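Since this is a predicted model, take the numbers as computed values, not measurements. The sequence lines fix the lettering, A, B, ..., with proteins before strands; numbering per chain opens at 1. All heavy atoms count here, side chains included; hydrogens, waters and symmetry mates do not.
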There are 2 protein chains.
Amino acid sequence: MIGIVRRGFSEAKTLNLQTMNQRLFKASYAVRGEIAIRSMEIEAQMRKGQKFPFESISACHVGNPQVMGQKPLTWIRQGLALAAYPELLNHPELFPPDIIEKIKKLLSRIKGGIGAYSESQGLLAVREEICCHIKNRDGLGEVLPQDIFITNGASPAIDAVLNTAISGPQDGILTPIPQYPLYNALVAMKNGTNIGYYLDERPHKWSISGSSIVKSIENSLAKGIVPKILVVINPGNPTGEVLSLRAMNEILDICKDHKLVLFADEVYQDNVYTDEKSFNSFRKVALQKNSPVEIASFHTVSKGFYGECGLRGGYAQIMNFDPKIREQLLKMVSIMLPSNSLGQIALALALHPPVSGEASYELYKKEKDQIIGDLKQRAKAIDKEFNKMINITCGDVEGAMYAFPRILLSKKAIDAAKEVRVQPDLFYAMKLLEETGIAVVPGSGFGQQEGTYHFRITTLASNMIEILEKLHNFNEDFHNKYKD
Amino acid sequence: MIGIVRRGFSEAKTLNLQTMNQRLFKASYAVRGEIAIRSMEIEAQMRKGQKFPFESISACHVGNPQVMGQKPLTWIRQGLALAAYPELLNHPELFPPDIIEKIKKLLSRIKGGIGAYSESQGLLAVREEICCHIKNRDGLGEVLPQDIFITNGASPAIDAVLNTAISGPQDGILTPIPQYPLYNALVAMKNGTNIGYYLDERPHKWSISGSSIVKSIENSLAKGIVPKILVVINPGNPTGEVLSLRAMNEILDICKDHKLVLFADEVYQDNVYTDEKSFNSFRKVALQKNSPVEIASFHTVSKGFYGECGLRGGYAQIMNFDPKIREQLLKMVSIMLPSNSLGQIALALALHPPVSGEASYELYKKEKDQIIGDLKQRAKAIDKEFNKMINITCGDVEGAMYAFPRILLSKKAIDAAKEVRVQPDLFYAMKLLEETGIAVVPGSGFGQQEGTYHFRITTLASNMIEILEKLHNFNEDFHNKYKD
């Protein structure tokens, strides 16, 4: 009886859209939003024999290299097989001696093997490898294993550090517009306040400007929200920008002046395609200028040339953090139990590949060069191709795995979208999907300047030329149909 | 300047104990608490050559079978190796034909292999296997793959469903006392209100009583907190109780009357050691009585006789949920990206083992019988041994992997604990660790009736007899030392 009185009528579910967590209800995540859902429906309908004007879905909406044909590195996969089933260590006829040695050494340090829970922060043996990698990458300073938190991919690492930091709506989190929407979704879930700062879109170039960040800080303070965290994605997702040292120095200065914790999303650190720039970690730049800024940097085996998304191996590396906060972070990851051991092994293998002279080196180098060559070639071609299309402009893809072209939409197209109550760029993307099978994510899912429209497309498809040709034709037809 | 004015003084870190998420600060998680931390310190000191009155730590504080010597099932590990490195599929001299066939069939349905992100809810092929397993286990009803959410172990599944449900402090979550402290920690983090209900401790027996739950509901309503979720752990952690059908029916009736969503933590469903009882799922009992109660049930490869904690493969199965809430749950798991594919493969292998006549069957059966035999033998011995010790009583270990003996502590012992400002049972557990190397979790970490003291010890150690002997001697010395 009590139940009935309290909840209105007995037929309603206890958990419904009104009674559920309203913060989750309001959170949105476009990468697996309408387009992803419709793609899956189409695939299910295809399996049942329904016909579409295309043979298959081109999944250009998720940065998921191996689904687009990228091959895994033999070095990593051999290591996983050996770690999962150590009886194979007795088969030198099947595995090169260096991978056998590597796994033997790792396993000798893992109590209970890969079937046991690891330490809450991740296997010490693997954290030591990560520390060594970071030091070699940056060429300076020390990194301690206690500052590494291994997680099931970078997203749970970001989630854990955000959980430590966000108390409530009084905490502002500065995130780029456009941005990979994980951040907005998590901040909304955790009841923090999202504060956007705009990236500058100019012909052929996206860039981050200190003045845009400062402007957002000032606007936020005026509203009584104190910015606490600044999120920077470098190389940029979805923009593909690789930050210059000058921009990084400026960002660190802003963080220092405004006492912001810096979230350095550096998961695309191995994905740089331009010869004019190279990746620099915020850690390195901060060490060089002796910056006191608290930095959490994130990395993963899902991206780079490894592309091992399915393994879920990632980590946070913290620096300049209060040791007491490190303890709280440890409690946080302890509650959710350690990350999967094979993802951890994959991290150790990815960050410490075979070197010249070792048995696995030649094959490793061949596979790596092939993958990087393909990624580079496609990244360099894609913006050029977009810039040839009518009503489309596209910034250079310097890094990451995406292009983020801008579409100029006519009033007629915008009105047509309004009629079916969807964002204009979702309208465009949905038509693209229905007519060509190409799945992309509309720019509205990442945020964009009002009145501008974009979409994000991955640079991963092995048949990229064919896809761009289809997109070219679709785009032409679309703009002809919706000419003002 | 703004930064300095706002934060007090510039030396303070932006993120410190005052500015951090206060909900996390208050959350506690005893399983990886003081005892776990001290164990790791001792191990580190031992590696540096420091001497202790024991040779090694006996890690009886975490349900981590393989670290205690339990061997993985060959069937699962062969499957993982084949899925990770499919070139091995061409080596029938190394693998039985049934596991090769099984993995070939699974891989044929996984686009991009195990290195690709799976569907957000988990691989459809694996969800179908889970559905089939659930149906076979319960012998009735249908389960649809859309109601299965595969996650990195059961904890993230529980986290995800709680995220969907908890809006704020007005939502009450009924959790058992004592309980596996994941629930209290997560509810605190999510800003819900924990409402404890006491389990009954009688000689040789822990049990759950409907009247205790109803009493807690009434107390809660009187304080203006509306209970929304009831958490039941069956078999019980830490109590080892296996629920009777009568108790389960009563619980479902309470949920129906009070419109509670039932969280059925059924991760120990394969760990039942008494011949008088068997595991029944809440799903089965609910279907039999046509109950409308919304149920989320949780399972994992970490427990059972698989004991594959390091793989992180678990799932939630929801029933009677509002389809719109299912969509929100899908959004929730999408944000954090899919769980690791090898953990998913492990689930498929664990839930669909080889059957009589297949090539892997004999070895599988031998390994399984050995593990179950060992678990059973130790579970049956441990409570008897505890009941022989002075000032200790212990309920029967009917299921799960733990005993939860009660210690009668003298005033002198309690005063000594007060003097060093720790809970009396932590005082006992810490002395036990320092003197014998045996790590257990104090009962205060799980909750207990005021004035009672317990600890949780796993039944996993292969050298359990030796451990119990040491514990016996320690216990005698302790009580002699602290005699009133």
Side-chain angles (χ1 to χ4, degrees), chain A residues 2-3 6-7 13-17 20-22 24 29 32 62 64 66-67 72 77-78 80-81 84-85 88 111-117 120 152-153 155-156 163-167 185 226 257-259 261 294 308-312 322 324-325 328 331-332 334-337 340-343, chain B residues 2-3 6-7 13-17 20-22 24 29 32 62 64 66-67 72 77-78 80-81 84-85 88 111-117 120 152-153 155-156 163-167 185 226 257-259 261 294 308-312 322 324-325 328 331-332 334-337 340-343:
Chain A
I2 295 175
R6 295 187 272 131
R7 304 267 184 200
K13 298 286 183 185
T14 298
L15 214 50
N16 57 47
L17 294 186
M20 73 170 283
N21 179 0
Q22 295 301 302
L24 172 60
Y29 184 68
R32 306 217 168 199
V62 183
N64 193 3
Q66 296 192 21
V67 106
R77 295 309 188 85
Q78 286 183 333
L80 292 180
Y85 186 46
L88 293 172
K111 218 173 151 184
I114 59 119
Y117 288 124
S120 295
N152 290 302
S155 300
N163 258 337
T164 314
I166 302 179
S167 273
V226 181
D257 290 349
H258 296 274
K259 296 219 76 178
V261 177
E294 294 147 69
E308 292 282 14
C309 305
L311 299 180
R312 313 313 300 125
D322 185 333
K324 289 202 158 46
I325 294 296
Q328 294 291 321
K331 180 173 75 180
M332 178 67 226
S334 300
I335 291 171
M336 293 305 287
L337 299 179
N340 84 90
S341 300
L342 288 170
Chain B
I2 294 175
R6 292 188 272 131
R7 304 268 183 199
K13 298 286 183 185
T14 299
L15 214 50
N16 57 47
L17 293 186
M20 73 169 284
N21 179 359
Q22 295 301 303
L24 173 59
Y29 184 67
R32 306 216 169 200
V62 183
N64 193 3
Q66 296 192 20
V67 108
R77 295 310 189 84
Q78 286 183 333
L80 292 180
Y85 187 46
L88 294 173
K111 219 173 150 185
I114 59 119
Y117 289 125
S120 295
N152 290 303
S155 300
N163 259 336
T164 313
I166 302 179
S167 273
V226 181
D257 290 348
H258 296 273
K259 297 220 76 178
V261 177
E294 294 146 70
E308 293 281 15
C309 304
L311 299 180
R312 313 312 299 128
D322 185 332
K324 288 201 160 44
I325 294 296
Q328 295 291 321
K331 180 173 75 181
M332 177 65 226
S334 301
I335 291 171
M336 293 305 286
L337 298 178
N340 84 89
S341 300
L342 288 170

Checklist entry - For A:E294, is it the side chain, the backbone, both or neither that has a heavy atom under 4.5 Å from a heavy atom of chain B? => result side chain

Nearest-0.5 Å distance that lies between atom [atom1] in [X] and atom [atom2] in [Y]:
| X | Y | atom1 | atom2 | answer |
| --- | --- | --- | --- | --- |
| A:N152 | A:R312 | CG | CZ | 7.0 Å |
| B:T14 | A:D322 | OG1 | CG | 10.5 Å |
| B:S120 | B:L337 | OG | CG | 7.5 Å |
| B:N340 | B:Y117 | CG | OH | 13.0 Å |

Count the heavy-atom pairs under 4.5 Å between each of [options] and chain A, then report the option with the highest count.
| options | value |
| --- | --- |
| B:M332, B:M336, B:Q328, B:K324 | B:Q328 |
| B:E308, B:K331, B:K111, B:Q22 | B:K331 |
| B:P156, B:A116, B:S155 | B:A116 |
| B:T164, B:N16, B:V261 | B:T164 |
| B:G310, B:G112, B:G153, B:S334 | B:G310 |
| B:L88, B:L80, B:N163, B:L342 | B:N163 |

Next on the checklist: Below 4.5 Å, heavy-atom pairs only: which of A:C309, A:A165, A:A81 has the largest tally toward chain B?
Outcome noted: A:C309

Checklist entry - In terms of heavy-atom pairs under 4.5 Å, which option from A:A84, A:G113, A:S167, A:G115 contacts chain B the most? => result A:G115

Checklist entry - Does a side-chain heavy-atom distance below 4.5 Å link B:M20 with A:I325? => result yes

Checklist entry - Of the non-hydrogen atoms in B:R77 and A:Y85, which two are nearest, and what is the gap between them? => result O-CB, 3.7 Å

Item to check | Part of B:I166 lying under 4.5 Å from any heavy atom of chain A | outcome: backbone

